[in-house]
Amino acid sequence: MTSWPGSARVISTPSINQKRRKVPGRTESRRLPKGLYQASDIQQLRQAIEECKQVILELPEQSDKQKDAVVRLIHLRLKLQELKDPREDEPNMQIISEHRFYKEKSKSAKQVCDKCSTIIWGLIQTWYTCTGCYYRCHSKCLNLITKSCVRSKVSHQSEYELTICPEAGLDSQDYRCAECRAPISLRGVPSEARQCDYTGQYYCSNCHWNDLAVVPARVIHNWDFEPRKVSRYNMRYLALMLGRPVLKLREINPLLFNYVEELVEIRKLRQDILLMKPYFITCKEAMEARLLLQLQDRQHFVENDDMYSLQDLLDVSSGRLGASLTDIHTMFAKHIKLDCERCQAKGFVCELCKEGDILFPFDSHTSVCQDCAAVFHRDCYYDNSTSCPRCMRMSLRKQAQEPEDATWQQ
């Protein structure tokens with residue numbers, strides 16, 4: 001019967017094929033399961049682990065005994081980790097550096113601690129997740145966190161760095177990590193310097209895991225959507241900023257509309273939807289059908305036509321946004337022009353030619369007076385050298401009203 005190393009006493013069991021012998025007159029003691037060790041403290045466990053390693057090296061390769069030894073080694077290491085990080089009654093929620101940490105209940109999920117970069121063994125370790133930025137860490141690492149929650153930065157500073165990889169050099173950082181201030185160098189001594197393509201700064205391997213993200217500056221200036229390596233903190237910041245409409249393209253890079261035809265189409269569809277919005281606000285059927293909720297994931301599309309989120313631009317590049325927005329535009333137009341009598345009654349007749357069907361401001365062949373919002377056929381509007389008929393009527397009415405008001409005041 002083989003005895004495995006242990007600090008206080010290692011309980012070994014006979015092999016499956018070996019028969020247990022009973023000694024007459026002696027009561028058989030209760031046996032513990034295979035692989036269970038009676039090691040009382042960390043020092044004993046460490047000694048048992050070293051002895052078990054030596055046994056593994058001495059046993060034949062790929063033998064059953066060596067495999068059993070490896071299993072025992074794993075059990076010993078887990079037991080050691082459990083003693084180092086005991087499960088105590090810790091609070092379910094903790095607030096640290098604006099993080100709102102909640103204790104996780106999952107025991108099977110395999111995660112990596114964002115603070116110490118080691119594996120979180122959910123079966124034997126307590127760990128927390130920030131509900132704001134999804135920062136994960138061991139309970140023992142909570143008090144070591146110095147970086148504030150990314151969501152607080154998003155709430156107070158919702159803007160992107162729009163210079164492409166604005167590098168200043170390691171000397172500007174005093175050859176230290178931009179986040180934790182650990183010493184770094186390009187030679188990897190004492191720690192490798194890794195550049196974040198978003199900020200241009202350098203980070204250590206604990207703060208920069210070579211995560212990939214689309215960089216907004218490269219999209220705006222180059223229409224380049226290739227993911228680049230960014231630090232963990234900036235990866236979370238970009239993820240939380242992804243759906244925020246903070247990019248005013250016509251101010252940042254107006255030439256982009258000359259280069260990307262899809263953006264011109266999207267802008268026209270958004271302008272049409274803004275013209276349709278007043279019809280829906282005053283239409284009972286449209287409000288009951290909640291038509292405007294078709295754009296609830298892009299609420300800014302019913303508020304303006306010039307603000308974009310990074311997710312919008314990603315969807316423009318893939319073609320998803322153009323297809324979905326065209327379908328919504330068609331649905332909205334069908335309600336106004338065909339399905340709803342109230343909305344149809346708010347249409348216009350071209351006062352210049354007085355011919356044709358009812359016109360709406362979002363029709364492709366119409367022009368809208370900028371002063372009174374009257375709608376005309378485009379050809380009629382540009383061929384007409386006089387002023388807008390509706391504006392002229394309103395002006396004459398105003399002039400006629402002024403003498404009456406003056407007489408009434410006297």
Side-chain angles (χ1 to χ4, degrees), residues 1-23 26-91 94 101 103-128 136-145 180 182-183 188-192 204-207 209:
M1 180 166 58
T2 305
S3 175
W4 296 100
S7 51
R9 181 168 62 94
V10 180
I11 305 300
S12 60
T13 59
S15 63
I16 297 176
N17 297 326
Q18 182 179 355
K19 296 181 179 179
R20 299 178 181 177
R21 292 180 299 174
K22 294 184 178 180
V23 179
R26 180 184 299 178
T27 304
E28 186 176 7
S29 62
R30 183 182 177 185
R31 298 180 182 274
L32 296 176
K34 184 178 181 180
L36 185 61
Y37 294 82
Q38 290 183 335
S40 58
D41 56 29
I42 293 177
Q43 184 66 25
Q44 291 177 335
L45 276 172
R46 284 175 176 168
Q47 181 181 351
I49 288 173
E50 294 302 320
E51 293 175 0
C52 193
K53 286 181 182 178
Q54 188 62 35
V55 170
I56 291 173
L57 294 175
E58 294 174 355
L59 289 171
E61 291 289 333
Q62 302 298 325
S63 64
D64 292 339
K65 289 184 178 181
Q66 189 186 54
K67 292 178 181 178
D68 290 341
V70 170
V71 171
R72 286 175 168 80
L73 179 61
I74 293 173
H75 289 167
L76 281 171
R77 284 178 168 171
L78 289 175
K79 183 65 178 176
L80 177 62
Q81 186 63 48
E82 184 177 0
L83 289 178
K84 285 183 177 181
D85 183 30
R87 270 186 190 278
E88 300 175 354
D89 292 333
E90 300 184 55
Q94 299 191 49
F101 285 108
K103 185 190 293 186
E104 291 289 350
K105 297 181 179 180
S106 174
K107 304 295 188 294
S108 59
K110 183 179 179 180
Q111 306 290 345
V112 177
C113 177
D114 284 303
K115 181 59 184 177
C116 66
S117 304
T118 60
I119 294 176
I120 299 173
W121 298 97
L123 187 64
I124 61 174
Q125 292 178 312
T126 305
W127 58 292
Y128 288 79
R136 300 183 182 91
C137 70
H138 299 102
S139 61
K140 62 183 180 181
C141 297
L142 284 176
N143 294 328
L144 303 177
I145 296 173
C180 70
V189 179
S191 179
E192 177 189 3
C204 67
S205 56
N206 286 334
C207 300
W209 296 5

Review point. Which pairs pass salt bridge (charged side-chain N to carboxylate O under 4.0 Å, His left out) with one or both residues in residues 112-128, sequence neighbours excluded?
Key: D114-R232, D114-R236
Check your understanding: So, Q47 and E51: side-chain donor and acceptor under 3.5 Å apart, yes or no?
Key -> yes
Check your understanding: Out of curiosity, I119 CD1 to Q111 CD, how far, rounded to the nearest 0.5 Å?
Key -> 10.5 Å
Check your understanding: In Å and rounded to the nearest 0.5 Å, what is the CG to SG distance from L144 to C180?
Key -> 12.0 Å
Exercise for review: For the residue pair T118 and H138, establish whether any side-chain heavy-atom pair is separated by less than 4.5 Å.
Suggested key: yes
Exercise for review: With sequence neighbours excluded, tell me which residues meet side chain to side chain contact (heavy atoms under 4.5 Å, CB included) with V70.
Suggested key: I56, I74
Study note, to complete from the structure: Note: Q62 and K67 closest approach over all heavy atoms is O-CE, 3.8 Å
Review point. What's the spacing between C137 SG and Q125 CD if we round to 0.5 Å?
Key: 11.0 Å
Point to revise | S117: partners by side chain to side chain donor-acceptor pair (under 3.5 Å), with sequence neighbours left out | key: N206
Exercise for review: Can you see which heavy atom on S63 is nearest to which on P60, and at what distance?
Suggested key: OG-O, 2.8 Å
Check your understanding: Closest heavy-atom contact between L76 and C52?
Key -> CD1-CB, 4.2 Å
Check your understanding: For E61, what residues pass the side chain to side chain donor-acceptor pair (under 3.5 Å) criterion, not counting sequence neighbours?
Key -> none
Revision key, fill the gap. Smallest heavy-atom separation, S191 atom then P183 atom, equals CB-O, 3.6 Å
Review point. Going by heavy atoms in the side chains, are K53 and L57 under 4.5 Å from each other?
Key: no
